[in-house]
Participant: 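Provided herewith is a single structure, encoded as structure tokens, for subsequent inquiry.
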Number of protein chains: 2
Amino acid sequence: MTSIKEVAKAANVSVSVVSKALNDYPDIKPETKERILQIAEEMNYSPNLAGRNLSSKKQMNIGLISSAVFNSSEKDTNAYQVIKGIYRGVEDNNHELSVFLIDSKKQKQKSYAQFCRERNIGGAILQGLRMDDPYFKELVDTNIPCVYIDHITDEKSENIGSISIDNYAAGIEMTDHLLERGHREIVVIGGVEETFVNAKRLEGARESFRKHGIPLPEESIIHANFDEDQAYREATELLKKRQPTAFLCFSDLMAYGIMKAVKEAGLTIPEDVSVIGFDDLPFSAITNPPLTTINQNFFDIGNEAAQLLVKVMEKKQSSQHVMVNHELVERGSVRDIHKR
Amino acid sequence: MTSIKEVAKAANVSVSVVSKALNDYPDIKPETKERILQIAEEMNYSPNLAGRNLSSKKQMNIGLISSAVFNSSEKDTNAYQVIKGIYRGVEDNNHELSVFLIDSKKQKQKSYAQFCRERNIGGAILQGLRMDDPYFKELVDTNIPCVYIDHITDEKSENIGSISIDNYAAGIEMTDHLLERGHREIVVIGGVEETFVNAKRLEGARESFRKHGIPLPEESIIHANFDEDQAYREATELLKKRQPTAFLCFSDLMAYGIMKAVKEAGLTIPEDVSVIGFDDLPFSAITNPPLTTINQNFFDIGNEAAQLLVKVMEKKQSSQHVMVNHELVERGSVRDIHKR
DNA sequence: CTGTTAGCGCGTTCAG
DNA sequence: CTGAACGCGCTAACAG
């Protein structure tokens, strides 16, 4: 437990000089700084973060507030990848990460603002929160810099940023992919309707249909809550009535449910029915057949979120929306109807 | 940013009384305590953790030091589930969690002991660390209470606990499962040889063979590093020479690699070759065919780890090894040779 | 039962 | 360039 005091004693200087040496203050003789640094190194000294937190005005703590971890399917590993990216981004910028995982099944939750206050949090990354969450509103009102993942706000605040892929463009691409391969009987399997990403993807899909001069009837759009099982059930029902040539799914998880339903209906993919997904979960490469889907780089999303937040916290950058690249990866679940 | 001082002022008492009211000290009049609590509530006060950390002797911070997150396959979500369990366990015990993710690809890493020192960490959960890691040794030497996940140490320290399923028993069960269904040409696909869990599972497999009076030749044991791709390659090579009736895999991930190799060799599962896995990853239910495997409840493992650590930190329990239940889940990848 | 005092380990004035 | 003094928010020991 070597403290700054002991280092000061060993170096024959006062604590404040040690502090300055450690924190790159300009008003210190290079030689003594060098010497102190060396002694600190030898003594295996590293500053206590609680002490530093308490005395410093600088905000070095970043909060990750996420409801995506406890409230999503075990198969849904997106949040995990995002968090890895956040962790790396925070670490690379020499900040600290405090994680707050929301579990909607738990009775009473601590307010997000309180969480931040207790931990001297200078900026927060928000993942999977509902916009009608009162705690969310409270947090925004505190004016703590925030970065939203997969959501854009209307508020024009200088300390609010956001990050996502270009869901609109991706929606167009995946729909184009189907349309250009001759599919006309397409059923769209949407996620949670009020969700930003879902809305954008749907807009994209609509635009693609419009562009191709093909109608997209409302009854061909089904919302399955980003849930595998619900998608499975919806598709099972639907297939009793009609047989589309393709399902366009706004998540891989839902695509898995669709594939199960299609197989159980005695149809084969992609010969009878095509399926396209969204996310590119690791397992989409080994489904049967492997799933054609939109790849999102979740690690990058998290990483960029952290970097953006740090910039906003340092006032080096005002609020903005950052787009991360996506990519359509073509595998074996979509048939080209033109070829036989 | 309301502080304890302001609460004290509002309540017309000194700060120490407020502190005592908040921390359930016995020497305080119930009425004033009630009053203070209410005022604190009204003022939306919650204590600053840095301040508390600095002054209190109690160690409320728990560290999670894991190399399993950055150094494993994206498909391997075990670590994720374990961490969820840890988070919940730590939260339920009103402790704080600090996470340190080791990335072996990064050049210089901070020492684990230093990480703990900087953050006043009173106990640590260790996941996926190598026993020959010098930082690991250094941390243990600090005498900070530790709980190992999936590893048992020889050291007899009062502050070291460990947790895992009964890998030996599970190894027996899965081997019995194959042997009892008439399999005799079995190839064991092991993981990382030096690993505790691998050794135990192998011991169990050997015991099962011995019990059944059947030899297990050494050349039928292949170590594939818990790696899907390596298992795939090993199996591909092996199948060119001989065709076992079953592969016994010490992880689901390796089982996936085996299944791929088997299919590519033109064989079908389970008719020609059976496969049994270990872990029960979420996707093992939807592989083709669904994988028979040993289910580990990773959430519970993490959760129990946190609870055990808290007990050890509070000296309520001396070191011990906790076993979490496992279960063989029978799906469609093992054929009973007796039946046709 | 309550208040006073003294730190915890550090960053930050402000004199020198 | 260096050091003394102060305070961050809180708990703990000790008087009263």
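Note: hydrogens, waters and symmetry copies are ignored here, and every other heavy atom, side chains too, is used. Chain letters run A, B, ... following the sequence lines, proteins first, then strands; residues in each count from 1.
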Participant: Evaluate the side-chain hydrogen bond (donor to acceptor under 3.5 Å, both in side chains) criterion for residues E118(A) and Q114(A): first the C-alpha distance (whole Å), next the side-chain angles of each, then the deciding distance (0.1 Å), finally the verdict.
Facilitator: CA-CA 6 Å; E118(A) 289 174 347; Q114(A) 182 182 345; 3.2 Å; yes
Participant: Which residue lies toward the 5' end of DNA chain D, K29(A) or G51(B), if each is placed at its nearest nucleotide?
Facilitator: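 By nearest-heavy-atom nucleotide position, the 5'-most residue is K29(A).
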Participant: Could you tell me whether the phosphate oxygens of dG9(C), OP1 or OP2, come under 4.0 Å of any side-chain nitrogen or oxygen in R52(A)?
Facilitator: no
Participant: What integer distance in Å separates I36(B):CD1 from dC1(C):P?
Facilitator: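 One finds 13 Å between P of dC1(C) and CD1 of I36(B), rounded.
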Participant: Starting at atom NZ of K58(A), determine the distance to atom C1' of dG11(C), rounded to an integer number of angstrom.
Facilitator: 8 Å
Participant: Rounded to whole Å, how long is the line connecting atom CE of M60(B) with atom C1' of dC10(D)?
Facilitator: 14 Å
Participant: Sub-3.5 Å donor-acceptor pair from the side chain of Q109(B) to the main-chain atoms of D103(B), do we have one?
Facilitator: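 Looks like yes, one N/O pair under 3.5 Å.
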Participant: Nearest-Å distance, CD1 (I28(A)) to P (dG3(D))?
Facilitator: 9 Å
Participant: Classify D27(A) by what it touches in the nucleic acid, base, sugar-phosphate, or nothing, heavy-atom distance under 4.0 Å.
Facilitator: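 It contacts base atoms.
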Participant: Is there a side-chain contact between N48(B) and the phosphate of dC10(D), meaning an N or O under 4.0 Å from OP1 or OP2?
Facilitator: no
Participant: If each of Y25(A) and K5(A) is mapped to the nucleotide of DNA chain C with the nearest heavy atom, which maps nearer the 5' terminus, i.e. the 5' end?
Facilitator: K5(A)
Participant: Would the distance check show the side chain of K20(A) and the main-chain N or O of D27(A) forming a donor-acceptor pair, the cut-off being under 3.5 Å?
Facilitator: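 A pair under 3.5 Å: no.
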Participant: Is the CD atom of E41(B) crowded by more than 12 outside heavy atoms at less than 6.0 Å?
Facilitator: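 At most 12 heavy atoms, drawn from other residues, nucleotides or ligands, come within 6.0 Å of this atom.
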Participant: Between the base of dC10(D) and the side chain of S55(B), is one N or O donor paired with an acceptor at under 3.5 angstrom?
Facilitator: yes
Participant: Answer yes or no: does a side-chain N or O of S56(A) lie under 4.0 Å from OP1 or OP2 of dG11(C)?
Facilitator: no
Participant: Tell me: CD of E31(B) to C1' of dC1(C), nearest whole Å?
Facilitator: 11 Å
Participant: So what does V13(A) hit on the nucleic acid, given a heavy-atom distance under 4.0 Å: a base, only sugar-phosphate, or nothing?
Facilitator: sugar-phosphate
Participant: Which residue in the set H151(A), H321(A), Q296(A), E304(A) passes side-chain hydrogen bond (donor to acceptor under 3.5 Å, both in side chains) when paired with S164(A)?
Facilitator: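 Answer to the side-chain hydrogen bond (donor to acceptor under 3.5 Å, both in side chains) test with S164(A) among H151(A), H321(A), Q296(A), E304(A): H321(A).
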Participant: Test for a donor-acceptor pair under 3.5 Å between the base of dG3(D) and the side chain of K20(A), counting only N and O atoms.
Facilitator: yes
Participant: Should N23(B) be listed as having a side-chain N or O under 4.0 Å from OP1 or OP2 of dT11(D)?
Facilitator: yes
Participant: Give the nucleotide from the list dT4(C), dA4(D), dC10(C) with an atom nearest to the side chain of S14(B).
Facilitator: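 Comparing dT4(C), dA4(D), dC10(C) against the side chain of S14(B), the answer is dT4(C).
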Participant: Measure from the side-chain heavy atoms of P30(B) and tell me the nearest of dG9(D), dC1(C), dT2(D).
Facilitator: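 Minimum distance to the P30(B) side chain belongs to dC1(C).
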Participant: Is it the case that the base of dG9(C) and the side chain of S3(A) share a donor-acceptor contact (distance under 3.5 Å, atom types as modelled)?
Facilitator: no
Participant: So, is S16(A) close to the dT2(D) phosphate, meaning a side-chain N or O under 4.0 Å from OP1 or OP2?
Facilitator: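 No, S16(A) has no side-chain N/O under 4.0 Å of OP1/OP2 on dT2(D).
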Participant: Measure from CD1 on I4(B) to P on dG7(C) and round the result to the nearest Å.
Facilitator: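 Answer to the nearest Å: 19 Å.
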Participant: In whole Å, what is the span from the NZ atom of K57(B) to the C1' atom of dC10(D)?
Facilitator: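 Going from K57(B) (NZ) to dC10(D) (C1'), I get 13 Å.
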